[in-house]
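Here, residue 1 is the first one in the sequence, and each next residue gets the next number. Below, each value reflects all heavy atoms present in this structure, side chains not excepted, and no hydrogens, waters or symmetry copies.
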Amino acid sequence: MEKKLRQGYTTGSCATAAAGGALTFLLSGKSQASVKLKTPNGKVVTIPLMNFAREDGQASCAAKKDSGDDPDVTHGALIVATVRLRNDKLGDIIVSGGQGVGKVTKPGLARPVGEVAINPVPLEMIRKEVKRVMEDFSYEGSVDVEISVPEGEALAKKTFNSKLGILGGISILGTTGIVEPMSEKALVDTIKVELDVLAAAGEKDPVITPGNYGERFLAENTRISAEKIVKCSNFIGETLDYAATKGFRSVLLVGHVGKLIKVA
């Protein structure tokens with residue numbers, strides 16, 4: 001019988017749990033061993049919390065990223081939330097990125113240029129959880145939330161972030177809150193983001209290749225910039241379909257003939 005792969009939870013879910021845990025600690029003085037969180041897809045997960053600290057009107061705690069059986073480079077990384085109160089009666093919740101959270105430097109991504117790479121769904125999750133805690137403790141002021149990842153800058157070097165224009169750290173991601181092991185959808189979504197960035201940069205003729213062989217051939221035999229090359233694995237059809245929706249003038253497909261025939 002084939003083993004069922006274990007699901008994990010996203011950096012967005014970790015940041016949300018840590019933000020709620022840190023604010024609860026700040027308002028009550030009590031730390032929680034874990035937080036139960038309802039993810040955007042309706043699944044309830046229990047996320048352990050650790051490293052509680054409190055000083056100078058602020059509190060922080062961390063959640064350890066658990067990717068389940070997915071080979072994610074962020075598995076085991078600490079996602080830290082630090083919260084501060086502003087007794088201004090505005091009820092604002094301001095979420096920012098600290099150490100190890102990347103900044104967006106190219107258009108075409110889910111966040112504008114200059115903003116921290118905390119995607120819209122995790123951003124909304126964090127605000128919703130913080131608002132829940134504020135209401136639980138009848139706190140009517142504003143809250144500043146800073147998300148940081150101590151290992152983020154080093155981990156980002158193992159991702160596509162720099163190619164996508166996200167510099168200085170990892171992204172806080174997740175549309176469902178759950179990590180699906182070896183998710184086909186996640187791979188296709190990454191390809192789409194790369195094409196989005198190229199389109200936003202004004203690129204008219206991107207190059208796609210299934211993998212390392214094609215990428216190496218392009219580097220050794222052409223002057224095509226690596227910036228315009230997108231690796232699509234076996235998802236050639238999905239990549240071409242999405243490229244068509246972006247209105248590119250042309251797409252060059254480069255790969256080993258055996259690979260192309262196999263996929264065809």
Side-chain angles (χ1 to χ4, degrees), residues 9-23 26 35 37 39-40 47 49 51 53 58-65 67 72-86 90-131 133-134 142-177 179 186 189-190 192-194 196-198 200-201:
Y9 31 83
T10 62
T11 48
S13 290
C14 291
T16 300
L23 184 57
L26 184 58
V35 166
L37 187 70
T39 60
I47 300 180
L49 298 177
N51 296 3
Q58 68 179 39
S60 64
C61 72
K64 182 179 286 189
K65 170 69 185 296
S67 300
D72 190 322
V73 298
T74 62
H75 179 73
L78 291 181
I79 313 299
V80 180
T82 302
V83 298
R84 305 172 186 86
L85 304 181
R86 285 188 288 114
L90 295 176
D92 289 339
I93 300 169
I94 307 299
V95 182
S96 62
Q99 176 190 358
V101 175
K103 287 191 176 181
V104 177
T105 65
K106 290 182 180 180
L109 296 168
R111 298 280 282 151
V113 172
E115 294 289 333
V116 292
I118 303 176
N119 273 17
V121 172
L123 200 57
E124 183 58 29
M125 289 172 65
I126 293 166
R127 287 174 175 153
K128 185 177 179 180
E129 178 67 7
V130 168
K131 184 174 178 60
V133 176
M134 290 168 66
S142 297
V143 178
D144 293 331
V145 183
E146 181 184 86
I147 305 299
S148 58
V149 185
E151 301 174 75
E153 193 166 357
L155 290 172
K157 294 175 182 177
K158 302 176 183 179
T159 72
F160 288 110
N161 272 18
S162 61
K163 186 176 181 182
L164 297 175
I166 300 170
L167 304 180
I170 66 167
S171 306
I172 304 300
L173 300 171
T175 54
T176 66
V179 175
D189 285 348
T190 299
K192 289 180 177 180
V193 170
E194 288 200 57
D196 287 342
V197 170
L198 288 176

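The CE atom of M125 sits 10.0 Å away from the OG1 atom of T175 when rounded to the nearest 0.5 Å. Note: E153 CD to L167 CG = 9.5 Å, rounded to the nearest 0.5 Å. Here CZ of R111 is found 12.0 Å from NZ of K103. Values are rounded to the nearest 0.5 Å. For the atom pair I172 CD1 and K65 NZ, the distance stands at 9.0 Å (nearest 0.5 Å). With rounding to the nearest 0.5 Å, the separation of CD1 in I118 from CD in E124 is 13.0 Å. If you take CE on M134 and CD on E129, they are separated by 12.5 Å, rounding to the nearest 0.5 Å.
By the 4.5 Å heavy-atom criterion applied to side chains, V197 and L109 are counted as neighbours. Residues L85 and V143 have side chains in contact (heavy-atom distance under 4.5 Å, counting atoms from C-beta outward). At least one side-chain heavy atom of V80 sits under 4.5 Å from a side-chain heavy atom of P150. No side-chain heavy atom of K64 sits under 4.5 Å from any side-chain heavy atom of C14. Using a 4.5 Å heavy-atom threshold, the side chains of T159 and L164 count as separate. Between S67 and T74, the closest side-chain pair of non-hydrogen atoms falls below 4.5 Å. In this structure, the side chains of K128 and T16 stay at 4.5 Å or more apart for every pair of heavy atoms. The side-chain heavy atoms of L173 and T10, taken from C-beta on, include no pair separated by under 4.5 Å.
For K106, the NZ atom counts as densely surrounded, since its 6.0 Å shell holds more than 12 non-hydrogen atoms of other residues, nucleotides or ligands. Within 6.0 Å of CD in Q58 there are more than 12 heavy atoms belonging to other residues, nucleotides or ligands.
Contact detail for P120 and A110: the closest heavy-atom pair is CD-CB, 3.7 Å. A15 and I126 make their closest contact through CB-CD1, 3.9 Å (heavy atoms, listed as atom of the first residue, atom of the second, distance). A pairwise comparison of heavy atoms in G169 and I166 identifies O-CG2, 4.0 Å as the closest pair. Between S60 and T82, the shortest heavy-atom contact is CB-OG1, 3.5 Å. A pairwise comparison of heavy atoms in I170 and G152 identifies CG2-O, 3.4 Å as the closest pair. I147 and A81 get closest at one heavy-atom pair: CD1-CB, 3.8 Å.
Partner V130 forms a side chain to side chain contact (heavy atoms under 4.5 Å, CB included) with one of L23, V95, V83, I94 and no other, that one being L23.
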Under the criterion side chain to side chain contact (heavy atoms under 4.5 Å, CB included), I'd like the reasoning laid out for T176 against T39: C-alpha separation, chi angles, the key distance, then a yes or no. CA-CA 6 Å; T176 66; T39 60; over 6 Å; no

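Here the side chain of S148 pairs no donor or acceptor atom with the backbone of G100 at under 3.5 angstrom.
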